[in-house]
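Working notes, structure below.
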There are 2 protein chains.
Amino acid sequence: MAVTLKDIAIECGVSYSTVSKALKDSPLVTEATKRKIKEKAEEMNYIPNNSARSLVSNKSNTIGLIWPAVDRVAVTTLASQINEAVKKAGYFMVVSIDDPITAAGKFLELRFDGVIVFDEGEETRLPAKITNNIPVVAYGVERELDYPIINVNHDKSMQLAVDTLMDKGHSEIDYIGDLETKDIRQIIKKETFIHYCEEKKVNYRLIDSEGLSEEVTSNSLRKFLANNTLKRGIVCGSYDITMGLLHHIDKQAEKPMIVSYDNIKKFDAIDTPVYTVGVPSEKIAESLVQMLIKHIEAEDIEEEQIIQLYPEVTYP
Amino acid sequence: MAVTLKDIAIECGVSYSTVSKALKDSPLVTEATKRKIKEKAEEMNYIPNNSARSLVSNKSNTIGLIWPAVDRVAVTTLASQINEAVKKAGYFMVVSIDDPITAAGKFLELRFDGVIVFDEGEETRLPAKITNNIPVVAYGVERELDYPIINVNHDKSMQLAVDTLMDKGHSEIDYIGDLETKDIRQIIKKETFIHYCEEKKVNYRLIDSEGLSEEVTSNSLRKFLANNTLKRGIVCGSYDITMGLLHHIDKQAEKPMIVSYDNIKKFDAIDTPVYTVGVPSEKIAESLVQMLIKHIEAEDIEEEQIIQLYPEVTYP
DNA sequence: TTGAAAGCGCTACCAG
DNA sequence: CTGGTAGCGCTTTCAA
């Protein structure tokens, strides 16, 4: 059915190993034959068979991203940036929104070259059975894993957030975030906020967003605001949470100062200026991909398992 | 490196073709040998090589979803539902956030069994060069394509929206949507709204959301509301646009009646009740996958190229 | 510079 | 019921 090397070889009157070489731009083939073969291939609409290639070369040139929670905006931005970085490295990226173990298993069967996983806790820990067979890099929080993990230091971000507010004279600060959660990132943010405020003698309150999405935050804040008012300095746990908050203060004349976690460009589109803390998402993407490629291309490098990335503050 | 059928065969003292059959649960193998082989395979952590399989059987059991704009909430919901439907059909789904032509080309090289593409206009039209070689189904608007497309009848949805408002006594209606766009879905929604209002002698206004995201909508509305007030009946072009609108009317005591396009469960999470029109996303997913599978499993079925799905109204 | 041939891991067919 | 074997499309030696 589909055009193969052999078909091209016949058309060109050469052997199919020559065609193979020509199409890979091998120096072992004359420019003239190369050109002829390439033209024919194009004309015949040749599409390389990755399965065959992968079978013999043990390389599929594709990497898999495991991303079960498709719907958080900040993560979405990261995914696009990872896609770009992967492309730049000469690979193709594909994402699965299945549960992590299933996805990783399938990636293995498909003989992908590597996988990136958004680490969210125990449910996203990939078993050794899998990670022994394919390079894996995680994005998350510092924890013991048998594959490298990029730590974006949520704690440092929160300290930076509080410092930023204090610098502007705020000594009373509200934290809006997901309080009742098992998501380790959220826990770290909350805990660090508390400890750091105590250390710095800052008056603080914790306000539960009751989840991570904008809608739940907005609803939860409505209830809160029925009997309370917000302080003049606010730390938000994420982009989506900030959006939920903005529902309520959008039309307010006197706006509070908001420092939000998640350092993504998307904040620029918002009308209300918001300070932002976190590792810029391009840096995270760059770092993840570099690490993974290194593991794919060099066999068992003895490397630090935890890569530290440090947050920055941005003001639009 | 990785365990192969041969390795298992040696361990079990059988031929590797027997192992192949046993692992596929073929009736041609005794239960006893089957069990032994399966156990050994498990124990040795055998992972089938999809490349090899695909090479000989011409089947990868995976389908690709092309989804370049990762960040619209309604679409996100659809993607998860497609993933579920694909799984139920015995396939694995993988998504690419690359541009459609690149993605489709890669899917072809990877010898995936089919592709689903979110059709948004000319830039997402897949060339015959590709579609001749792999079954494709699109989700979008009725248009001429050389592969089947699921039409969710945006026009009918808009009529339904206006009817719903009229039923409740509204004779003045605002439409909030992306007005300056090349996205055919947005155009159809807007145009139908206009024509239908004229036909029904409804007083209407068009308000530009200046894009499809919640943020831009919110900003644009802020400007609008500086000099205007909204009518008591509003049609919103999408879930995200509705969210943008809610920024402004959240705290209002007297709420307008909102009918939003996009029929997804997510609306249930919102505090303000919103009427919803559109084809429920589970139905879209189901339909897309069924169609694709049909094309994968039966060769060139002479089939209607356009599948019509009709909208429903929902009130939480 | 080109060609021949082995072999990647697997399925499917045919022989026993 | 089990084994042997051809061959899927390709890369990669090795020979010519």
Side-chain angles (χ1 to χ4, degrees), chain A residues 1-38 40-41 44-62 105-113 133-134, chain B residues 1-38 40-41 44-62 105-113 133-134:
Chain A
M1 166 78 242
V3 178
T4 71
L5 287 188
K6 239 172 205 158
D7 301 321
I8 302 174
I10 294 171
E11 280 295 311
C12 294
V14 295
S15 79
Y16 72 94
S17 59
T18 303
V19 178
S20 170
K21 286 169 204 153
L23 259 22
K24 301 198 102 53
D25 237 338
S26 155
L28 299 176
V29 184
T30 341
E31 275 309 320
T33 24
K34 244 194 245 183
R35 196 167 38 252
K36 194 179 66 181
I37 290 173
K38 283 182 179 173
K40 252 297 179 264
M44 297 174 75
N45 188 27
Y46 168 70
I47 295 150
N49 186 326
N50 221 311
S51 298
R53 241 180 217 183
S54 166
L55 186 58
V56 36
S57 67
N58 252 312
K59 202 125 193 337
S60 61
N61 282 303
T62 116
K106 287 295 189 175
F107 287 169
L108 247 185
E109 291 185 14
L110 289 163
R111 292 300 189 271
F112 285 176
D113 296 328
N133 289 289
I134 187 170
Chain B
M1 166 76 243
V3 177
T4 72
L5 287 189
K6 241 173 203 159
D7 301 322
I8 302 174
I10 294 169
E11 280 295 311
C12 294
V14 294
S15 79
Y16 74 95
S17 62
T18 303
V19 177
S20 171
K21 286 170 208 152
L23 259 22
K24 300 199 103 53
D25 237 337
S26 155
L28 298 177
V29 184
T30 340
E31 275 308 320
T33 25
K34 242 194 245 182
R35 197 167 37 253
K36 194 178 67 183
I37 290 172
K38 283 182 179 171
K40 250 303 177 263
M44 298 174 75
N45 188 26
Y46 168 71
I47 295 149
N49 186 327
N50 222 310
S51 298
R53 241 179 216 180
S54 166
L55 186 57
V56 38
S57 67
N58 251 313
K59 199 125 197 334
S60 61
N61 282 303
T62 116
K106 285 296 189 175
F107 286 168
L108 246 186
E109 291 186 14
L110 288 164
R111 292 299 189 272
F112 285 175
D113 296 328
N133 289 290
I134 187 170

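Residue numbers begin at 1 in each chain, while the letters A, B, ... track the order of the sequences. Note that this is a predicted model, so its numbers are computed, not measured. Heavy-atom basis, side chains included; hydrogens, waters and symmetry copies ignored.
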Under 4.0 Å: is that the gap between some side-chain N or O of [X] and OP1 or OP2 of [N]?
| X | N | value |
| --- | --- | --- |
| A/Thr18 | C/dT2 | no |
| B/Arg53 | C/dC10 | no |
| B/Ser17 | C/dA12 | no |
| B/Ser57 | C/dT11 | no |
| B/Tyr16 | C/dC8 | no |
| A/Ser20 | D/dT11 | yes |

Would you mind reading off the distance between [X] atom [atom1] and [N] atom [atom2], rounded to a whole angstrom?
| X | N | atom1 | atom2 | result |
| --- | --- | --- | --- | --- |
| B/Leu23 | C/dC10 | CG | P | 9 Å |
| A/Asn49 | C/dC8 | CG | P | 18 Å |
| B/Arg111 | D/dC8 | CZ | C1' | 11 Å |
| A/Asp7 | D/dG9 | CG | P | 8 Å |
| A/Asn58 | C/dG9 | CG | C1' | 10 Å |
| B/Asp25 | C/dT11 | CG | C1' | 16 Å |
| A/Lys36 | C/dT1 | NZ | P | 15 Å |
| B/Lys59 | D/dC8 | NZ | C1' | 16 Å |

Is there a donor-acceptor contact under 3.5 Å linking the side chains of [X] and [Y]?
| X | Y | result |
| --- | --- | --- |
| B/Thr18 | B/Ser15 | yes |
| B/Ser54 | A/Ser51 | yes |
| A/Ser20 | A/Ser17 | no |

So what does [X] hit on the nucleic acid, given a heavy-atom distance under 4.0 Å: a base, only sugar-phosphate, or nothing?
| X | result |
| --- | --- |
| B/Lys6 | nothing |
| B/Lys21 | base |
| A/Ser51 | nothing |
| B/Thr30 | sugar-phosphate |
| A/Thr4 | sugar-phosphate |

Notebook entry, point to check: Where the side chain of B/Leu55 is concerned, which of D/dG9, C/dT11, D/dG3 is the nearest nucleotide?
Noted result: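 Given the options D/dG9, C/dT11, D/dG3, the side chain of B/Leu55 is closest to D/dG9.
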Margin query: Treating B/Lys34 as the side-chain partner and B/Ser26 as the backbone partner, does any N or O pair qualify as donor plus acceptor under 3.5 Å?
Written below: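 Here the side-chain-to-backbone pair exists.
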Margin query: Determine whether a donor-acceptor pair (N or O, by modelled atom type, separation under 3.5 Å) exists between the side chain of B/Thr4 and the backbone of B/Lys6.
Written below: yes
